[in-house]
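I have placed the structure first, in the form of structure tokens, so that the comments after it can refer back to it.
Letters go in sequence order (proteins before strands), and every chain restarts at 1. Here the structure is a predicted model, which is why all the values come from computation and not from measurement.
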Amino acid sequence: MAPEPILSVREVEVQFGGVQAVAGCTFVVAPGQIVGLIGPNGAGKTSLFNAISGIVRHYHGEIRIAGRSLRGLPAHRVAALGLSRTFQNIRLFRSLSVADNVLVGEHRRIRENLLDSAFHTPRFHREEGAALSRVENLLEFVGLQHLDPQALPGSLPYGDQRRLEIARALASQPRLLLLDEPAAGMNTVESRSLGILVRSIRERGVTVLLVEHDMRVVMSVCDRVVVLNFGRLIAEGAPSEIQTNPEVIAAYLGGPPG
Amino acid sequence: MNVIVASLRELEALSRRTGSGRGLRVGVGVICVAFALAPYVLGGSYYPDIWTDMALWGTIGVGLNVVIGFAGLLDLGYMAFYAIGGYVFANAALYHGFTLWETLPLGALLAVVASAIIGFPTLRVRGDYLAIMTLGFGGIVYYAAQNLSAITGGYNGLYGWHNPTLFGHPFIAPIDFYPLALALLLVAALVTMGLRSSRLGRAWASIKDDELAAASSGIGVIRYKLYAYMLGSVWAGLAGALFAAKDQLVSPESFTFNASFFAVAVVVLGGMGSIAGVVLGGVLYVVIAEWLSAYTGTLSGVIFAALLLLVVLVRPAGLVPYRPKPPRLRRPATRAAADLETGGDSGP
């Protein structure tokens, strides 16, 4: 019997006003996989991401993380179940330093009560010190060891901002990481090294679901690919199968299916 | 005033260079001692209130700074908690014979409880709506103070309790309360400074920057906004009780919308997020509203407004803008220090 899926999406529909962004999607993600979620613009990928991560809470169907239904849970409770994500339009905390951005990701792991926070007790220093050394390790892991930890994220090159967001997402020790177009705007060299990073994330035991338009990244990194078009799942399988699937080709090129 | 700002900036730069914050601590210590001794050295003032009021308004700035500066919530009804502190003290002193020492914690507690009750439904709405709802709450407390005569004494307010004493020393003149107000300001400044650089402070800052990203990082946005509201209100409750004790009177006119507006102005003027800034803002407000107005009359309001406008236009981050303290990483920070000295991390 297959292991319990880390993520299961069943008959999920997301609606905005009259627009059916996601129209009944069903798929599962097994632990340890890297799964690509692809589809033309407007196919509903980001809407599905928002539903999974608790940002969109009104949807039909069922989403489960490790068997636990996410129905009605707000984003921070979903995060507590071991899900973490990045955003298509990078959403770093602009007034917080590089180190503090990642420290926010550590939020749930740092054990400080009000008195520790107010009076900087020995426990405060212990917890903050431990968190800071984890942050250093994470920055190194995502390839940002060269950064000044006090720099503001707005001053970083685009690719570094993407990596910093990934570091923040990993700081909460997720079981499942959602990456929303991590290679967008990257050149060939950058996106190749991003692919290497995604694979090393999986080696840390984190399952990855990624939305991506850069097919070189998708095909080289993903174990499985799920294809959406007009909010519907039109294909699912290994990258090599997807590449030759006539319906997928039709969706991307606009031709008739079949 | 430029001298003050310049010297504060100088101290900040010094503390960054030493890296340990020792320069800043020594500098702040010197200013604190000077501030503490000033009324006794200068003496003979027509307005002995002014020094105590400076410390109280500094505390108001520090408290509201948690709400506005740290968590980015616009609260237009902050002085409602000051009123609650004042009336709790007056009632306890007048009808139940409590002393100031027993009442201070009670005033703080009730201010926090009130902020939790008000904040719980209010903090679910965003931005403009929050401002309107807090404005309404401030108005409710003001009109309640006028009309709930049974506990507020109505328009006339409450007065006539026994003055507090400490070790046989009575607190009668406003200046007697000065050391207390100053101690409160100091505690408020130190505690909120501690909070700012903690897990809690980072959560607030992240909410202020991007609620969605904060929630996705596992932060319960509404809960942390409520914490900011409660941990901001507590200082107003304490300051309000001291204020009532010092004035030996509480009446609705101390808690008008104007007062709440000036509290916001103090934070904006001083520098949102910056402790030294908001204390300076509170001091400046009292200097203009109480000392200057003796010479200029109502014109002092215009002067304060002009100063506020000028600061918003010329120094939008406030007189003493907040600069985050660098985290202590093990990595050598030479490059970072060089960046900071050349001002590489931010604008002019």
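Rounding to the nearest 0.5 angstrom, the gap separating the CD atom in B:Glu211 from the CD1 atom in A:Ile55 is 12.0 Å. Separating the OG atom in B:Ser206 from the CZ atom in A:Arg94 is a distance of 15.0 Å, to the nearest 0.5 Å. Taking CD from A:Gln150 and CZ from B:Arg323, the interatomic distance works out to 13.5 Å, rounded to the nearest 0.5 Å. One distance of note links CZ of B:Arg199 with CZ of A:Arg111; it measures 7.0 Å at 0.5 Å rounding. Taking CD from A:Glu128 and CZ from B:Arg202, the interatomic distance works out to 4.0 Å, rounded to the nearest 0.5 Å.
No more than 12 heavy atoms of other residues, nucleotides or ligands shown are found within 6.0 angstrom of NE2 on A:His60. Within 6.0 Å of CZ on A:Arg123 lie more than 12 heavy atoms contributed by other residues, nucleotides or ligands. Shown here is A:Arg77, whose CZ atom has no more than 12 heavy atoms of other residues, nucleotides or ligands within 6.0 Å. Heavy atoms from other residues, nucleotides or ligands lying under 6.0 Å from OH of B:Tyr129 number 12 at most. Around atom CZ of A:Phe16, more than 12 heavy atoms belonging to other residues, nucleotides or ligands sit under 6.0 Å away.
What you find for B:Ser216 and A:Phe87 is that their closest heavy atoms are OG-CZ, 3.5 Å. Contact between B:Ala213 and A:Arg168 at its shortest, heavy atoms only, is CB-NH2, 3.8 Å. Residues A:Phe93 and B:Asp210 share a closest heavy-atom pair of CE2-O, 3.6 Å. Across all non-hydrogen atoms, the minimal contact from B:Leu212 to A:Arg91 is CD2-NH1, 3.3 Å. Counting all heavy atoms, side chain and backbone alike, B:Ser197 lies closest to A:Phe124 at O-CZ, 3.7 Å. Residues B:Leu195 and A:Leu114 approach most closely at CD2-CD1, 4.0 Å, considering heavy atoms.
Contacts with chain B were tallied for A:Glu165, A:Arg108, A:Glu112; A:Glu112 has the most, counting heavy-atom pairs under 4.5 Å. For the set A:Ser84, A:Ser117, A:Ala79, the entry with the most heavy-atom pairs within less than 4.5 Å of chain B is A:Ser117.
Residue B:Leu190 touches chain A through its backbone alone, counting heavy-atom pairs closer than 4.5 Å. Contacts of A:Ser95 with chain B are made by both backbone and side-chain atoms, with heavy-atom separations under 4.5 Å. Both the backbone and the side chain of A:Ile110 come within contact range of chain B, each with at least one heavy atom under 4.5 Å from a heavy atom of that chain.
The contact list for residues 63-75 of chain A toward chain B, using heavy atoms and a distance under 4.5 Å, reads A:Ala75 by residue number. When the heavy atoms of residues 171-185 of chain A are compared with those of chain B, none of the residues falls under 4.5 Å.
Counting heavy atoms from C-beta outward, A:Asp116 and B:Ser198 have side chains that stay 4.5 Å or more apart.
A donor atom on one side chain and an acceptor atom on the other are not found under 3.5 Å apart for A:His76 and B:Tyr224.
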